[in-house]
Every structure is written in C-alpha cells, then in structure tokens.
Amino acid sequence: MKTVNFKISIAVLFFCLSCTQNVPEPEAFGPTPSERQLAWHSMEYYAFIHFNMNTFTNMEWGIGSEQPAQFNPTELDVRQWAKTIKDAGMKGVIITAKHHDGFCLWPSKYTEHSVKNSPWKNGEGDVLKDLSEACKEYGLKMGVYLSPWDRNHADYGKPEYVTYFHNQLRELLTNYGDIFEVWFDGANGGSGYYGGANETRKIDNKTYYQWDKAIEIIRELQPNAVIFGDGGPGVRWVGNEEGWANETNWSLLERNKVYPGYSKYKELRSGHENGTHWVPAECDVSIRPGWYYHPSEDIQVKPLEHLVKIYYESVGRNASLLLNLPVDNRGLVHEKDVEQLMALKQQIDKDFATNLAKDIKVTATNVRENHSKFEANNVNDGDDNTYWATDDAVTSPSITLEFDTPTEVNRILLQEYIALGQRVYGFTVEAEVDGNWKLIDTQTTIGVKRILRFDTVKASKIRVNITASKAAPLISNIELYRAPNLLTQPIIKRDKDGTVTMEVADKNIEIYYTANGSEPTSQSTKYDAPFVINAPTNIKTIAYNAENGEQSAIKELYFDISKKDWEVVKVSSGNLSEAHKIIDDSPSTSWKTEESSIANEITIDLGKTYQLEGFTYMPVQGRWPVGIISNYEFSVSGNNKTWIAVATGEFANIKNNPIEQTIKFNTSAARYIKLKGIKMIDNDKILSAAEIGVITK
Ligand code: FUL
C-alpha cells in the first residue's frame with residue numbers, strides 16, 4: 001500500500017513539474033522600458049528649477065542681449081534649494097543650466113556669456129558645481145536643462161552653433177557627476193539678439209541640432225541619463241504645462257513621428273496605444289503662473305487644492321511630476337513656495353498614511369497555471385518585484401481583496417509590472433457594501449501607477465475587474481487607503497447683487513462663519529446656502545473637518561455696501577457697456593480704456609448718497625496686465641457736475657504686488673465717484689481695473 005502511495009506521489013510530482021515547464025513565465029509584450037527608464041520611473045516626483053538671467057530681468061524669455069553683469073544674486077544658497085526639495089519628498093532636481101537667452105550658469109569655456117563674467121562671487125562661481133555638491137549632500141539626483149535655442153549666440157542657425165551646443169553638452173555631462181535626465185525644450189528658433197544681428201532665424205527642428213550626435217554624446221558620458229524631449233527619446237513631454245496627463249495614458253509612443261515642436265502635441269497627453277517605443281510622460285508645471293520668478297506672482301503661488309489635484313493627475317495617471325520652483329532674485333526658494341510645498345507633502349503623507357490592503361486576503365479568478373510565483377497575493381506583499389499573473393489566454397480576470405471587518409476606503413492605487421510592458425486598457429473597481437456590490441469606477445489604463453479617488457465606502461471587499469488587456473495582465477501592486485477629507489480655507493465670494501457664496505475643495509468639509517467680528521468655531525453659523533449681504537460686514541469663516549475635529553485657519557473678508565444699484569455712467573474711452581465688469585464684485589473679470597493720451601478716468605453712480613471714507617482698487621489679476629494704475633486721483637460728487645478730489649497719491653509697490661489697494665480719506669458725502677489714472681505702471685496709456693469699490697461709514 002505504501003509503495004502504491006509513494007508511486008502516486010512521485011507521479012504527481014513529475015506531472016506538476018512538467019506542467020510548470022509547459023507553462024512558461026510571462027514574456028514581455030510590446031515595447032518595454034530600458035534599465036535607465038525603469039530607474040527614472042522610480043523618481044516619480046522631482047523639482048524643476050528655473051533660475052537664470054530671466055530671474056534678474058523679470059522676463060520669461062530673455063532676448064539674448066542681456067549683460068552678464070545683470071546676474072547678481074545676493075543670497076544664492078543652493079543648499080537651501082536642496083533641503084527644500086528633500087523635505088518636500090522629491091527625489092531630484094533639474095536646473096536650467098542655459099535657457100533660450102543663452103546665459104550659462106556654469107563657466108563654460110566656449111562663451112563669455114556666463115557666470116564667469118558676472119559680479120556673483122566675482123566671476124568665480126559655478127551654480128552647477130554648487131548644486132551637484134548640494135545634491136550629493138542631500139541624496140538627490142541632478143538633471144540639466146540645456147536650451148537648444150540660443151538667442152545670444154552669433155552663430156545660431158549656422159553649423160558652428162551646433163558644434164558649440166554639443167561642446168556645452170559635453171561640459172555639462174563631464175564635470176558635474178551623475179546626471180539622471182537631460183532636458184531639451186521644444187521652443188526653437190525665432191527672433192533674437194544673435195550677437196547683435198537682432199533678427200529672426202529659423203532652423204529645422206528635426207535636423208539642425210544633429211540629434212543623433214547629441215544622443216551619442218549623452219550615451220557616451222552619462223549612459224544612465226534619460227533624454228527628455230517632445231518625443232523623447234527616453235521621456236516625453238505630456239503636451240501641456242499644467243501638470244496633468246489624460247486618464248488614458250500609455251507609456252508608448254510612435255516615436256519616429258514625434259519631433260521637437262510636434263504640432264499634434266495634444267496626442268502626448270495619452271501617448272499612443274500602439275506606440276513603437278517605451279516613452280513615458282513627464283508632467284512639467286510651475287508652482288506659480290510663471291516658470292521664472294516675478295515678484296508680482298508672490299500672491300499667485302498655487303493653493304494646496306490645486307497642487308493636490310496636480311499630484312493625482314500626474315503621479316496618479318502613469319506620469320512623473322516635475323514641479324517647478326522659480327528660485328527668486330535673492331537666489332532662494334521663496335518662503336511662500338516652501339510653505340506650499342510642505343503643505344503638499346503633508347497632505348500626500350496623510351492621504352497615503354496606512355495601506356489598508358497590506359497582507360489582507362486576496363483571491364483571483366485566475367492565476368497562472370502551476371506557478372506559485374504569480375499568486376494573487378503578490379499584489380499586497382509590499383514587494384514591487386513580485387506580481388500576480390494570469391494564464392496567457394486570460395485577459396479579463398478579477399481580483400478581490402477581503403477585509404476582516406468592513407473598512408472605510410476612498411483611494412485605490414494600482415501598478416502594472418511594467419518591466420514586461422504596459423498591457424491593461426480597461427478595468428472597473430467595485431466595493432462590497434452590506435453584502436451588495438457597488439461600482440466605484442470604470443477606467444482604462446494603469447501603467448506604472450494609477451491612483452483613483454472616490455467617495456468613502458465602508459467595504460467588506462474591493463474587487464478589481466480587468467476588462468481589457470493586450471496580454472495577460474501582470475499586476476505588481478494594489479494598495480487601499482482611507483484619506484482624510486481635504487481641509488483648505490474657504491473661498492468666499494459676493495456678486496453684484498450682494499449674494500455671498502462660500503466654497504471648499506472637498507464637499508465633505510463643513511464651513512462655519514460669523515458676521516459680527518467674533519472668532520468662528522464649529523458652533524458658529526453653518527454655511528449651507530448662499531445669503532445676501534448689502535451693508536458693511538466683516539465675515540470670518542473656518543473650514544471644519546467633522547471626522548477628526550480639525551479646522552482651517554480663519555479666512556476673513558470685509559464686504560462694504562453691495563454694488564447692486566451701481567452703474568458705470570462715463571468712461572474716458574473704451575466700451576462703456578463692458579465697463580460693468582469693474583463693479584461686478586468679481587476680481588477675475590476686468591475692463592480697460594482704449595490707448596489714449598488724454599486723462600483716463602471712470603465715473604460710477606452709486607445709486608444713492610453715502611458717507612464715504614475711502615475707496616478700493618483691485619488691479620487686473622491676469623499674467624501680463626496692462627494699464628495698472630500707479631498714481632491715482634479719486635474724486636466725489638453729489639450731482640455728477642461739481643467734483644471734489646478727495647485723494648491723490650501712489651499705490652506703492654502695486655507692480656510687484658498687485659493686490660487690492662485700500663485708500664482712506666476724510667469722510668465725504670457722495671453719490672458719484674470718479675477714479676482717474678494719473679500714471680499707469682510701465683507708462684501704459686491705458687487704464688484697467690478688475691474691481692472698484694468704496695468704504696462707507
Ligand atoms: C518651455 C520654455 O519655453 C519655457 O520657458 C520653460 O522653460 C518650459 C519648461 O518649457 O517650453
């Protein structure tokens with residue numbers, strides 16, 4: 001009997017062994033990432049630094065005629081950059097070694113247009129060297145941005161310039177240690193200084209720079225560096241500068257079709273489903289409106305809710321996030337930017353604090369036959385190198401994660417084992433709630449990382465159904481989280497009729513307010529619908545997270561009389577019927593006069609007589625404003641005929657800090673008000689305004 005059992009066991013063993021041999025391990029499908037691309041994928045979130053001549057000329061694109069003497073940071077501290085970047089949870093930094101204006105942050109031996117002729121460190125400085133040392137100290141990787149377009153160089157457009165460009169590439173890749181990414185911008189050719197020629201020069205983006213040679217240099221000197229360009233070859237642009245990829249996002253590209261300046265760049269937001277090469281997307285976006293530092297944008301650093309959105313729509317959509325920090329003219333990452341970076345870091349840490357899927361029970365409708373190596377529970381073993389695989393014929397399996405007790409969840413993170421290619425292009429997520437399956441989301445691609453946010457469910461199980469995959473899906477990781485509600489300060493608005501609305505980024509956050517000057521708490525009036533304020537009132541609000549009792553800082557806003565009876569009755573020039581935009585209580589709409597050398601002024605009828613104590617002027621909030629008043633005259637009238645000038649003066653620092661200005665004057669009774677622009681910034685001959693208001697008694 002024993003012998004029979006033994007014989008059967010041996011037979012089973014042999015049978016199993018032969019099965020294992022018959023079902024091979026999964027093979028790569030389609031294009032796959034190279035080793036250096038895999039290393040790059042793990043970078044995920046890193047900093048861009050735009051700091052160069054433009055920082056000192058307040059430009060975005062310098063002309064090329066700037067003088068090295070203008071580059072003069074007073075407190076340049078690359079260790080502050082590196083510390084900030086590290087503290088923010090980023091893994092590296094890419095620096096604008098040379099931007100389109102041609103000025104070099106390193107003492108290139110091929111040009112005089114560099115730091116070596118600047119007053120900074122008496123011409124002895126080298127930003128690249130300092131930064132590479134700081135990166136080593138803080139454990140960051142460094143990348144370089146070298147603009148192919150050079151508006152300074154006399155030979156730009158001729159073959160000599162291309163030699164210069166390649167020589168500079170060699171310098172950068174030889175002298176500054178390991179470089180993880182070389183960044184080539186798509187903006188190419190156009191008007192410029194060009195050594196004094198001051199003309200427009202056109203080049204052929206595809207051929208002029210001899211890209212093959214440039215790539216050869218990079219491969220020779222920095223074999224581990226990926227090359228960024230509109231179409232790669234290593235990493236592609238995502239087709240916008242706003243920090244998002246499409247939900248459907250392939251790391252594949254028909255690479256030979258795409259070149260620097262590719263006109264169908266919107267395709268880059270999704271890549272190409274049947275792409276011939278692995279060219280994943282990188283989302284480049286600035287923390288402020290501009291890439292370079294402009295003092296006027298100190299008030300426009302992106303709020304937390306925007307940065308969180310960017311994170312989920314880049315890192316959470318199979319792309320990396322290259323977040324730009326416009327280092328300021330002192331040579332420091334500005335404190336406002338530091339504050340927002342840390343707020344983002346804290347929020348990401350909170351959202352992904354505890355992986356609820358770790359080591360819970362997992363079952364799948366199919367597991368690759370006889371391969372214990374590809375079990376379903378590889379998705380939550382905390383090891384990215386193990387993955388769940390199905391039989392080759394099975395491209396629409398389901399995998400279920402089961403909690404011991406019903407658990408609240410609102411995030412799912414999925415990863416494919418991309419070393420063998422990107423495969424999945426359809427999946428749904430379901431939750432079992434009180435014994436019933438509920439559809440949470442229907443999506444397309446996964447890639448290296450996909451994160452979905454959804455309303456909190458108390459689930460006993462979470463099921464992922466792969467509905468479409470180019471080949472057997474290989475899933476290396478599934479994580480589940482219960483992120484807290486996103487707590488941000490309320491945004492308060494009032495319209496022309498006096499209707500006040502309040503908003504927060506997360507619908508699960510409550511808003512409380514007071515209208516009597518007292519400090520708001522969660523016991524104050526709860527905001528649940530718009531209400532009207534017509535008389536002067538100070539509103540104080542907080543956002544409140546009922547799930548943990550946390551509250552935001554107080555947001556305070558003063559509203560004077562509403563503008564419901566106001567009318568713009570006269571303008572010195574421009575379209576009167578459009579002028580209501582300056583009294584609609586909306587800072588995002590604006591109006592301007594026509595260009596004129598006569599006095600620029602606006603007359604407003606307040607509808608009845610008030611005791612006025614002051615006026616407010618909100619300048620245009622757009623990026624390239626014209627017509628901002630720097631010197632004003634404000635007059636009042638009871639009858640729109642006889643006027644008294646009650647205030648004249650200057651809005652100090654309004655160019656750099658274009659916030660609402662409040663000017664007080666001696667109490668004056670008036671029904672009509674007139675604002676005259678005596679002088680506009682940059683001597684504009686236009687007067688513009690986003691909003692004009694009054695302070696009443
Ligand atoms: C663009 C450039 O033209 C901008 O100045 C900036 O450097 C951005 C990152 O790329 O195409």
Side-chain angles (χ1 to χ4, degrees), residues 493-499 532-536 558-622 625-649 651 654 660-681 684-697:
K493 288 183 188 153
R494 182 173 72 163
D495 68 12
K496 189 170 191 284
D497 296 330
T499 305
V532 171
I533 290 183
N534 277 322
Y558 171 76
F559 291 117
D560 209 285
I561 52 170
S562 78
K563 299 175 183 173
K564 68 179 167 48
D565 301 322
W566 292 25
E567 204 185 327
V568 179
V569 287
K570 197 170 165 211
V571 290
S572 52
S573 64
N575 188 342
L576 179 63
S577 63
E578 288 288 301
H580 62 87
K581 290 181 179 160
I582 62 175
I583 52 166
D584 61 359
D585 240 337
S586 165
S588 59
T589 61
S590 62
W591 175 87
K592 59 179 188 306
T593 60
E594 275 163 14
E595 186 155 340
S596 148
S597 47
I598 58 159
N600 275 296
E601 57 185 40
I602 307 161
T603 306
I604 298 168
D605 177 1
L606 306 180
K608 67 179 200 198
T609 302
Y610 293 95
Q611 297 294 322
L612 301 189
E613 290 199 332
F615 78 96
T616 60
Y617 168 68
M618 170 77 87
V620 179
Q621 296 295 296
V626 284
I628 292 184
I629 302 173
S630 61
N631 293 69
Y632 61 85
E633 180 184 280
F634 188 82
S635 310
V636 297
S637 167
N639 56 11
N640 197 11
K641 287 188 188 106
T642 42
W643 290 91
I644 308 168
V646 286
T648 49
F651 296 129
I654 194 169
E660 184 173 64
Q661 311 287 311
T662 300
I663 302 295
K664 293 286 192 77
F665 47 76
N666 291 336
T667 309
S668 314
R671 169 166 173 169
Y672 298 89
I673 59 172
K674 189 192 284 179
L675 178 63
K676 189 192 269 186
I678 307 285
K679 190 165 174 249
M680 270 55 79
I681 60 174
D684 287 342
K685 298 286 174 239
I686 285 170
L687 176 155
S688 68
E691 206 59 35
I692 291 172
V694 294
I695 313 283
T696 63
K697 215 170 157 60

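All heavy atoms count here, side chains included; hydrogens, waters and symmetry mates do not. Here the structure is a predicted model, which means the values were calculated and not measured.
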Is the number of heavy atoms from other residues, nucleotides or ligands under 6.0 Å of Lys496 NZ greater than 12?
yes
Give the minimum heavy-atom separation between Lys493 and Phe559, together with the two atoms involved.
C-CZ, 4.3 Å
Should the ring pair Tyr672 and Trp643 be called parallel, tilted or perpendicular, given that the plane angle runs from 0 to 90° and is split at 30 and 60?
perpendicular
Does the side-chain contact (heavy atoms from CB on, under 4.5 Å) test come out yes or no for Asp585 and Asp495, once each step is laid out?
CA-CA 5 Å; Asp585 240 337; Asp495 68 12; 5.6 Å; no
Using a strict threshold of under 4.0 Å (side-chain N to carboxylate O), is an ion pair present between Asp605 and Arg671?
yes
How far apart are the closest heavy atoms of Gly498 and Asn534, and which atoms are they?
CA-OD1, 4.2 Å
Inspect the surroundings of CG in Asn639 and state if more than 12 heavy atoms from other residues, nucleotides or ligands are less than 6.0 Å away.
yes
Is Lys592 atom NZ crowded by more than 12 heavy atoms from other residues, nucleotides or ligands, each under 6.0 Å away?
no
Please check: side-chain N/O of Asp497 versus main-chain N/O of Thr499, any donor-acceptor pairing under 3.5 Å?
no
What's the shortest heavy-atom distance between Ser562 and Ile533, and which atoms?
CB-O, 3.7 Å
Walk me through it: do Ile604 and Ile583 pass the test side-chain contact (heavy atoms from CB on, under 4.5 Å)?
CA-CA 9 Å; Ile604 298 168; Ile583 52 166; 3.8 Å; yes
Look only at the side chain of Thr616 and the backbone of Gly693, and say whether a donor-acceptor pair between them is shorter than 3.5 Å.
yes
Nearest heavy atoms of Lys664 and Ile695, plus distance in Å:
CE-CG2, 4.1 Å
In short, Glu594 meets Ser573 closest at the heavy-atom pair N-OG, 3.0 Å
Any idea which heavy atoms bring Pro587 and Met618 closest together, and the distance?
CB-CE, 4.0 Å
Rounded to the nearest 0.5 Å, what's the gap from CD1 on Ile561 to CG on Leu612? Could you check?
7.0 Å
Could you state the interatomic distance from CD1 (Ile602) to CG (Leu675), rounded to the nearest 0.5 Å?
5.5 Å
So do Asp584 and Glu691 actually touch side chain to side chain, heavy atoms under 4.5 Å?
yes
Asn575 backbone acceptor or donor facing Trp591 side chain under 3.5 Å:
yes
Starting at OG of Ser635, measure out to CD1 of Ile673 and round the result to the nearest 0.5 Å.
10.0 Å
Would you check, one step at a time, whether the test side-chain contact (heavy atoms from CB on, under 4.5 Å) holds for Ile654 with Ile629?
CA-CA 8 Å; Ile654 194 169; Ile629 302 173; 6.0 Å; no
Got a donor-acceptor contact below 3.5 angstrom from the Glu567 side chain to the Asp565 backbone?
no
Give, for atom CG of Asn600 and atom CD of Glu595, the distance between the pair rounded to the nearest 0.5 Å.
9.5 Å
Rounded to the nearest 0.5 Å, what's the gap from OG on Ser688 to CD1 on Ile628? Could you check?
6.0 Å
Can you tell me if Ser637 uses its side chain to pair, donor with acceptor, with the backbone of Thr642 under 3.5 Å?
yes
Quick check: does any side chain N or O of Lys570 sit under 3.5 Å from a backbone N or O of Glu601, one acting as donor and the other as acceptor?
no
Rounded to the nearest 0.5 angstrom, the CG-NZ distance for Asp684 and Lys679 is 10.5 Å
Would Ile663 and Tyr617 satisfy side-chain contact (heavy atoms from CB on, under 4.5 Å), going step by step from the backbone distance to the final call?
CA-CA 8 Å; Ile663 302 295; Tyr617 168 68; over 6 Å; no
